[in-house]
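Chain letters run A, B, ... following the sequence lines, proteins first, then strands; residues in each count from 1.
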Amino acid sequence: MTTEVVSEAEVKKEPEKADEQPAAPQQDAEQESEQPAAIQDGDTPRTASPQTDRKSKEARGLSRFLPPWLKRQKSQSRTEPSEDHEDKAPMEEQLEAPPPEEVSPQEAERDESHSIGSADTQPAKEEKGEEFPERIGDGKEEEDLLESKAGEKEDEPLKAEAEAEKSSLKPAKKMKTVTCQVTLLDGSLLPCEVEKRAKGIVLFVKVCEHLNLLEKDYFGLCYKDHADQKCWLDPAKEIKRQIRNCPWQFAFSVKFYPPDPSQLTEDITRYLLCLQLRQDIASGRLPCSFVTHSLLGSYTLQAEMGDHDPDACCLDYISEFQFAPSQSKEMEEKVVELYKTHRGMSPAQADAQFLENAKKLSMYGVDLHHAKDSEGVDIMLGVCANGLLIYKDRLRINRFAWPKILKISYKRSNFYIKIRPGEAEQFESSVGFKLPNHRAAKRLWKVCVEHHTFFRLVTPEQPPKARFLTLGSKFRYSGRTQAQTRQASTLIDRPAPHFERCSSKRLSRSLDGVPGLGMDDQAGATSLGRTPGEKNGRDPALELSSDSKTAGDMEDSQRQKDLDKTQEDVLKHQASISELKRNFMESTPEPQPSQWDKRLTASPATSLRLRAQAAFEEEVPSSSLLSSTVACTTSVPAAEGAIAVGSPPAAAHVAEKALPRADGPAYSSNDVGKTAEDKQKSDTLEQAEVEIEETVVIKEVRKAPKVEVTVPEVVVTAVTEKEPEKKPGGEAEGRGGEGVTQRGSTSSDSHSESEDEAEYHPQAPSVSVDQIKELPEEEEELEVEAQPLEAEPTAASPCPTTEEQEPALKDEAQNGHPESQSPQGSVEEDEEDEGEPKLNGDASRAETEGFPQVICCSEPPVVKTEMVTISDTFAAQKTEISTLEVPIVHTETKTITYEAAQVDGAGDSEPGMLMTAQTITSESLCTTTTTHITKMLKGGVSETRIEKRIVISGDSDIDHDQALARAIKEAKEQHPDMSVTRVVVHKETEVMEEGKD
Amino acid sequence: MASFGNFTHAIVRGIPASLVQEALRSSLCQVDLVKAQHQLQLHIGTLKDELGLQVVELPADESLPDCVFVEDCAVVCGDTALITRPGAPSRRKETKAMKSALQELNFKIVEMKDDTATLDGGDVLFTGREFFVGLSKRTNHRGIEILAGAFKDYPVSTLPVFEGLHLKSFCSMAGPDLIAFGSSEPAQKTLKILQQTGDHHYKTLILPDDAAANCVFMNLSGKGQVLLHCTPEEYPNSAKVFERLTDHLLFPVPNSEMSKVDGGLSCCSVLISKTGS
């Protein structure tokens with residue numbers, strides 16, 4: 001697979017190279033001076049490197065999360081052509097090599113970012129400031145990502161490794177900046193330079209600063225995704241990951257329409273709200289009667305033109321204003337008639353009056369989403385300050401006020417709300433809606449969560465485990481609530497800022513001709529941006545965006561193809577895989593946890609604990625196959641590893657040694673796997689099929705996470721990356737390259753969150769966030785916690801594990817525990833301990849505890865080993881844990897190829913040295929978990945990637961979503977250090993498609 | 001909202017003799033034409049003399065036995081008058097006179113030209129904040145959709161009508177944010193849905209008799225809150241409920257004959273507010 005991956009990477013590289021190459025050299029040079037490099041790109045002043053270091057240290061816990069960034073950088077560097085590698089290599093090494101304490105400034109910064117990221121929920125302003133610099137100058141990121149993929153294809157891991165090393169040396173290219181085109185509410189374009197990896201908040205803050213806006217919590221930035229759907233830019237997440245390959249074009253818009261605009265503190269805020277509403281009205285999103293159109297128009301004139309001038313002929317210029325989607329002469333006359341009556345009204349008063357009338361409109365602040373009801377009837381779901389509105393043909397047929405809603409969740413493309421029972425009712429009821437696709441469901445869910453939090457809660461909820469990776473499911477609104485922003489507004493103490501009221505004439509014009517930026521129908525308003533560049537459009541920026549676009553398109557197309565190809569394959573594969581697994585399971589004596597641990601740990605000198613787990617869910621409701629795979633790739637901060645082990649070099653050696661073995665086994669394993677399959681087919685097939693058809697529920701994924709495999713790898717490198725990936729098994733297996741692409745796509749989708757499902761329990765304001773807790777039984781949000789495999793100090797030795805693993809499986813390989821434990825903190829140990837029992841293959845146990853998971857080493861004997869090319873990208877991409885990129889991981893016994901590369905811009909896959917590869921399979925009654933652990937040495941950093949595939953088979957009664965959610969959650973918990981990079985849920989076809997965002 | 005119920009005009013129509021035999025009805029009651037006409041005159045007199053509304057009286061049309069129930073022909077809100085397409089085919093021509101009357105009053109006329117749409121004004125409950133429209137035997141989804149298009153400023157919610165002819169056969173506005181509802185199970189069921197669906201939390205006035213829940217509320221400058229409601233003779237229990245209202249100027253209006261052909265108090269007039277413009 002690695003080879004395939006490489007190839008992909010290469011492909012991507014080429015285009016990028018052409019564009020980038022010029023820039024690359026410079027960057028490299030800059031990067032070489034690591035710290036300085038960071039500074040250089042950053043337009044924004046960077047915080048002193050030392051500070052960063054401190055922070056990094058402080059954020060140690062968080063630092064784990066950071067690794068992704070580092071990885072990314074590394075990956076980027078790696079991805080670049082070999083030529084560049086040399087330069088890069090040093091960079092990486094430096095980054096990686098330094099003992100934890102000595103973490104290079106960049107890392108530190110990254111760490112910070114991480115911490116921030118982890119804290120997604122609430123970025124501190126300070127942090128923001130810091131972030132800026134880092135993110136600036138990432139222009140190459142996308143390229144890097146592409147490159148990484150390409151790189152993967154290279155024939156052999158060794159090569160990849162070599163490249164990786166070289167690349168590692170190079171300084172990170174981080175500092176690239178991208179010029180974002182932000183369409184403001186007045187239709188003008190604001191070019192904003194941000195670092196490529198900047199989080200959304202960075203751009204948003206910049207825009208708000210430009211606007212001189214303090215009450216900014218009502219606003220947001222949106223962009224159009226590939227499907228031309230309007231999406232809100234999550235402030236807490238990297239921009240790039242969110243927009244992927246879409247152009248860096250955004251629209252500044254009102255996100256939360258204040259029910260009572262008069263309570264806004266500043267006129268400028270009201271003015272901006274007015275601008276938004278004028279767009280909404282002109283675009284037809286906010287329907288009004290003739291009279292209302294006229295009245296609002298008259299206030300607009302009063303605000304913008306001042307008192308009516310009897311001498312001037314209003315009708316001459318009035319038609320240049322747009323008061324309505326289509327306006328008649330009659331309306332214009334009516335507008336003027338009303339306009340005359342506003343004499344003496346100040347612009348601010350006129351705006352206030354405008355708002356007083358607009359706020360009463362039925363669709364004021366209602367965010368509409370297309371859906372179907374349970375009977376397949378087309379309806380619209382409207383999210384507003386008060387709750388969820390259900391429309392059919394513009395008629396409201398139902399309304400669920402927030403207080404009535406107990407839970408909001410989505411599974412795949414289904415969106416559910418659980419309704420609080422009425423007085424006379426005993427039971428809560430659930431209402432389900434079908435969204436066009438799972439992305440739409442997720443979007444709706446997020447909007448609901450945000451609106452509920454903003455309008456109903458006093459303070460935003462904290463994601464249950466803020467520090468752990470949070471999948472989409474754990475998504476929470478991280479900004480201030482209305483209550484908070486009002487509170488904050490009371491503290492605003494500044495003279496009313498002066499601002500120019502631009503003529504709404506422009507708006508009307510822009511509406512006509514700004515299709516490009518337009519978000520979409522709903523977003524239509526956003527698109528209002530006039531001619532690009534009216535204000536500040538920069539050519540360069542534009543170019544960048546275009547480039548990215550093309551690249552993105554290409555990728556997309558590729559992905560698409562891949563996906564298409566794969567889907568079927570995947571299904572097939574899954575079936576076979578499940579069979580294999582079963583066979584394997586059956587054949588192999590029940591592994592006992594201890595044995596497993598031992599082997600795992602023992603074989604490799606160093607035990608890496610992989611706590612991260614990918615949960616794979618296959619759900620096959622009756623006819624359909626649903627499988628979700630959660631892959632967690634963890635990157636452990638090199639620091640830890642370094643500490644334990646000591647010297648990076650040693651680790652490197654180990655890694656190298658390991659690699660060869662790993663490769664061999666892996667390949668062999670593949671073959672074996674096939675054979676095994678064949679053999680078992682007769683037996684297994686039936687089973688497998690059965691499983692598939694049955695709904696697969698990830699029941700006790702929890703335990704799966706527990707399964708900790710200590711991977712014998714000595715990674716001294718400072719950073720280990722964990723990337724959780726879920727890949728449809730089928731895809732992953734066969735085509736490394738394709739798989740990669742797919743992953744990329746998928747990953748993009750799942751992004752930060754597990755997209756398939758998520759739950760949210762609205763709480764009454766009074767009720768604190770705590771209530772929202774995730775109920776284990778209930779569908780939990782999908783949280784994939786990838787835990788970083790911590791490279792444990794035990795530097796050990798060669799990684800024999802793979803081969804031995806199988807036997808080990810049964811044995812309690814847990815060896816890893818002891819070893820790992822000793823080196824690492826107690827935490828790990830604990831986990832291990834827990835893990836061991838679970839590890840034991842006993843289903844019964846597993847169930848009881850979590851779920852039984854048998855870990856089978858994918859060694860040649862029974863299980864097929866897979867070659868994993870781990871791309872750093874994933875980890876890097878996910879700055880935030882929350883973002884789940886959906887890499888597809890196959891942990892199938894068969895040959896599984898991991899393509900690390902994430903196609904999406906976010907990910908950069910870098911070729912690395914494969915240190916170890918393990919496959920562990922555990923089975924419980926209903927669950928078959930395959931855990932794939934691979935360690936790669938990239939640059940100086942060792943990455944541990946844990947990919948788990950959980951196949952759940954069971955009755956249709958089983959709630960797959962819940963199971964998956966649990967699995968992810970547990971994975972997170974267990975591998976706090978790892979970040980979940982991808983969660984892939986295989987559903988039937990839908991999943992796949994949707995999965996790719 | 002402040003101006004809700006601030007009516008200035010009323011459009012009414014005489015009772016044709018054909019009502020006695022041909023008017024649609026759900027029961028087999030014999031209507032006393034003279035008594036009915038007398039009651040209508042009392043009703044009109046209250047509007048005109050007691051309340052000072054300008055009353056436009058349309059002449060009865062013998063070919064339209066149900067023409068007295070003008071409410072079903074038009075929905076007037078703000079500057080717009082929606083001319084409906086009554087659910088009963090026999091009543092479709094009733095709108096003609098209504099349309100011309102409203103045109104004379106300078107309303108912006110919206111007609112329901114969709115042949116698949118039906119809507120009776122008796123199914124339209126306007127609270128001053130939003131519309132609730134009953135999906136009844138006489139009103140379908142398409143009709144409500146057109147209504148929503150005509151009154152874009154307001155939310156329009158649909159409500160199921162489980163029993164009775166119209167939505168307003170068992171409910172109506174009885175005050176600002178006060179909705180009168182019958183106590184029957186079907187009525188209460190609809191009320192539940194209304195309460196869930198509505199934007200606003202309305203107070204309710206529950207009446208023992210569904211039919212008594214059809215009253216006419218006005219908020220007239222100079223008169224304050226006015227309520228035309230059933231007489232104690234017809235619905236003693238319900239009348240007592242009305243009589244407990246202290247904020248309203250109460251006018252019991254007899255409606256026994258009209259109710260025999262499913263007509264409520266509100267059916268006999270289209271109330272209009274021309275003050276704004």
Side-chain angles (χ1 to χ4, degrees), chain A residues 259 281 284-296 324-325 328 330-331 334 337-338 341 356-366 377-380 382 384-401 403-405 419-425 429 431, chain B residues 1-4 77-82 106-110 114 116-117 119 123-124 126-135 139-160 185 188-189 191-201 273 276-277:
Chain A
I281 291 167
R285 260 189 299 172
L286 183 55
C288 304
S289 66
F290 174 89
V291 172
T292 302
H293 275 135
S294 304
L295 183 61
L296 295 177
S328 59
E330 180 189 5
M331 181 180 291
K334 183 74 174 174
E337 175 190 333
L338 294 169
T341 67
E356 283 307 298
N357 285 278
K359 76 175 185 187
K360 295 187 237 169
L361 295 170
S362 65
M363 299 304 290
Y364 172 83
V366 177
V377 177
D378 286 320
I379 59 171
M380 299 280 276
C384 67
N386 296 324
L388 188 61
L389 305 169
I390 318 297
Y391 295 92
K392 181 181 175 188
D393 298 328
R394 297 196 173 188
L395 302 181
R396 186 186 295 175
I397 57 176
N398 212 336
R399 171 178 177 274
F400 301 99
K404 279 284 278 181
I405 300 177
I419 310 300
R420 189 185 301 278
E423 309 111 19
E425 304 164 283
S429 56
V431 183
Chain B
M1 186 56 208
S3 61
F4 173 64
C77 182
D79 67 335
T80 302
L82 171 69
N106 291 318
F107 276 93
K108 185 177 152 218
I109 303 295
V110 176
D114 189 324
T116 65
L119 184 137
D123 279 316
V124 179
F126 179 64
T127 69
R129 300 172 182 272
E130 58 190 318
F131 283 96
F132 292 99
V133 187
L135 280 166
T139 299
N140 64 21
H141 193 85
R142 178 66 187 141
I144 304 174
E145 203 180 330
I146 293 172
L147 179 141
F151 305 105
K152 291 179 182 169
D153 289 353
Y154 299 96
V156 178
S157 303
T158 63
L159 292 178
E185 187 179 327
Q188 289 296 308
K189 233 166 127 186
L191 173 60
K192 282 274 188 311
I193 296 170
L194 180 149
Q195 288 174 324
Q196 169 168 323
T197 309
D199 262 346
H200 185 73
H201 179 71
S273 176
S277 46

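When the shell of 6.0 Å around CZ of R394(A) is examined, it contains 12 or fewer heavy atoms from other residues, nucleotides or ligands.
Judged by distance alone, with hydrogens and angles left aside, the side-chain atoms of T197(B) form no donor-acceptor pair with the main-chain N or O of L194(B) at under 3.5 Å.
Between chain A and the residues A148(B), A150(B), S157(B), the largest count of heavy-atom pairs under 4.5 Å involves S157(B). The candidate with the highest count of non-hydrogen atom pairs below 4.5 Å against chain A, out of I193(B), V156(B), T80(B), L147(B), is V156(B). Looking only at heavy-atom pairs under 4.5 Å with chain B, the residue among N398(A), V366(A), N357(A), N386(A) that has the most is N398(A).
Ring centroids of Y154(B) and F126(B) are separated by less than 6.0 Å, placing the two rings close together.
Here E130(B) pairs with R396(A) in a salt bridge; the nearest charged N to carboxylate O distance falls below 4.0 Å.
Contact annotation for K392(A): both backbone and side-chain heavy atoms come within less than 4.5 Å of a heavy atom of chain B.
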